[in-house]
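FYI, side chains are in, hydrogens and waters are out, and symmetry mates aren't considered; it's all heavy atoms of this structure. Nothing fancy with the numbering, it's 1 onward along the sequence. Treat the numbers as computed from the prediction; the structure is a model and nothing was measured.
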Amino acid sequence: MGKREEAQKEKLHIMTEYERAHWANGQFLIAGLDEAGRGPLAGPVVAACVIMPKDDLILGIDDSKKISEKRREALYDIIIEKAIDYSVSVVDNKIIDEINILNAARMAFEKALSGLKTVPDHVYTDAMDIKTTLPYTSLIKGDARVYTIAAASILAKVTRDRIMREIDKTYPQYLFAKHKGYGTKAHYDAIREYGILDIHRKTFLKKILGE
């Protein structure tokens, strides 16, 4: 076994600490919930919920922000293939402007959870309190601590990035495929030159709007 694989196996052992505690008690349906896109100036917030099997763990699962785009895309396909169940929800920028980003992210979490066909024994969320009758635990930086949350973070991030790449085809001058809607200098420069689009979050652009 190479050093990289050894390191990945050790990381996997650490990341499944919470799941293993449930598995030891006969609870095998553990769901992880996470979102992508809370901070960008444009596009939706996307949440994913996933239940992974205990006997077919995936090496390399980690917080999506710590993984390259190419690796995330590869892991996305493996997660989809192996998941016991998964669900992805999208909440658009207009709802974000209406109810604010925290409430929109919470809505996305709850929609993703309710989209599961399998009822989980326990749910772990990445720092989000949700309305549910299911037992759940909210953990700060959960996507770096819990295997199922990390898997959900990858599904959410890849889904959102794909949405932004599609938007880029309509508005190539904004470079959405590159910055994914985040507030980079290039994005702000494009807004100033070409204007605010229908997919922008107006409440995130109050200074530019002069409000």
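The shortest distance between side-chain heavy atoms of Glu19 and Thr16 falls below 4.5 Å. You'll find the side chain of Ile196 reaches within 4.5 Å of the side chain of Leu205, heavy atoms only. Side-chain contact check for Arg201 versus Ile101: some heavy-atom pair is nearer than 4.5 Å. The closest side-chain heavy-atom distance from His200 to Ile191 is below 4.5 Å. Inter-residue side-chain proximity for Met52 and Leu57 is flagged as unmet; no heavy-atom pair is nearer than 4.5 Å. Taking the side chain as every heavy atom from C-beta outward, Lys65 and Asp143 approach each other to under 4.5 Å. With a 4.5 Å cut-off on side-chain heavy atoms, Thr137 and Val123 do not count as touching. Using a 4.5 Å heavy-atom cutoff, the side chains of Ile51 and Tyr86 are not in contact.
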With a cut-off of 3.5 Å and sequence neighbours excluded, list every side-chain donor-acceptor pair involving residues 29-37.
from, atom 1, to, atom 2, distance (Å)
Glu35, OE2, Arg38, NE, 3.4
Glu35, OE2, Arg38, NH2, 3.4

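Minimum interatomic distance between Ser64 and Lys157 (heavy atoms only, all atoms of both residues): OG-CB, 3.8 Å. Residues Pro44 and Asp92 come closest through the heavy atom pair CB-CA, 4.0 Å. Among all heavy-atom pairs drawn from Val50 and Ala152, the shortest one is CG1-N, 3.5 Å. For the pair Ala151 and Ile79, the tightest heavy-atom approach, listed with the atom from each and the gap, is O-CD1, 3.8 Å. Counting all heavy atoms, side chain and backbone alike, Ala108 lies closest to Ser89 at O-OG, 2.6 Å. Looking at every heavy atom in both residues, Ala156 comes nearest to Ala48 through N-CB, 3.8 Å.
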Might you work through the side chain to side chain contact (heavy atoms under 4.5 Å, CB included) test for Ile130 and Thr125, ending with a clear yes or no?
-> CA-CA 9 Å; Ile130 56 174; Thr125 74; 4.0 Å; yes
I would like to know whether Leu59 and Lys9 meet side chain to side chain contact (heavy atoms under 4.5 Å, CB included); could you show each step before the answer?
-> CA-CA 7 Å; Leu59 285 178; Lys9 286 197 171 183; 3.7 Å; yes
Chi angles and distances behind the side chain to side chain contact (heavy atoms under 4.5 Å, CB included) call for Asn103, Glu98 | CA-CA 9 Å; Asn103 287 325; Glu98 285 173 16; over 6 Å; no
Please report the C-alpha distance between Tyr76 and Thr159 in whole Å, then the side-chain angles of each, then the deciding distance to 0.1 Å, and finally whether the side chain to side chain contact (heavy atoms under 4.5 Å, CB included) criterion is met.
-> CA-CA 9 Å; Tyr76 175 96; Thr159 299; 3.8 Å; yes
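Using bins of under 30°, 30° to 60° and over 60° for the plane-to-plane angle, the ring pair Tyr194/Tyr174 lands in the tilted bin.
If you look at His22 and Tyr124, their ring centroids are closer than 6.0 Å.
Using a 4.0 Å cut-off between a side-chain N of Lys or Arg and a carboxylate O of Asp or Glu, Asp85 and Lys117 do not qualify as a salt bridge. Between Glu6 and Lys11 there is no salt bridge, since no side-chain nitrogen of the basic residue lies less than 4.0 Å from a carboxylate oxygen of the acidic one. A salt bridge links Asp198 with Lys94: the distance from a Lys NZ or Arg NE/NH1/NH2 to an Asp or Glu carboxylate oxygen falls below 4.0 Å. Look at Glu166 and Arg160 and you find no salt bridge, because none of the NZ, NE, NH1 or NH2 atoms lies under 4.0 Å from a carboxylate O. Comment: Asp161 engages Arg72 in a salt bridge, judged by a side-chain N to carboxylate O separation of less than 4.0 angstrom.
For the atom pair Asp126 CG and Ile140 CD1, the distance stands at 9.5 Å (nearest 0.5 Å).
Figure legend: Arg106 and Phe109 shown without cation-pi pairing, the cationic atom not lying both under 6.0 angstrom from the six-membered ring centre and within 45 degrees of its axis.
Remark: of the listed residues Tyr171, Phe176, Tyr182, Phe204, Phe176 is the sole one forming a ring-ring contact (aromatic ring centres under 6.0 Å, His included) with His187.
Atom CD of Gln173 has more than 12 heavy atoms from other residues, nucleotides or ligands within 6.0 Å.
When the ring-ring contact (aromatic ring centres under 6.0 Å, His included) test is applied to Tyr147, no partner is found at least two apart in sequence or on another chain.
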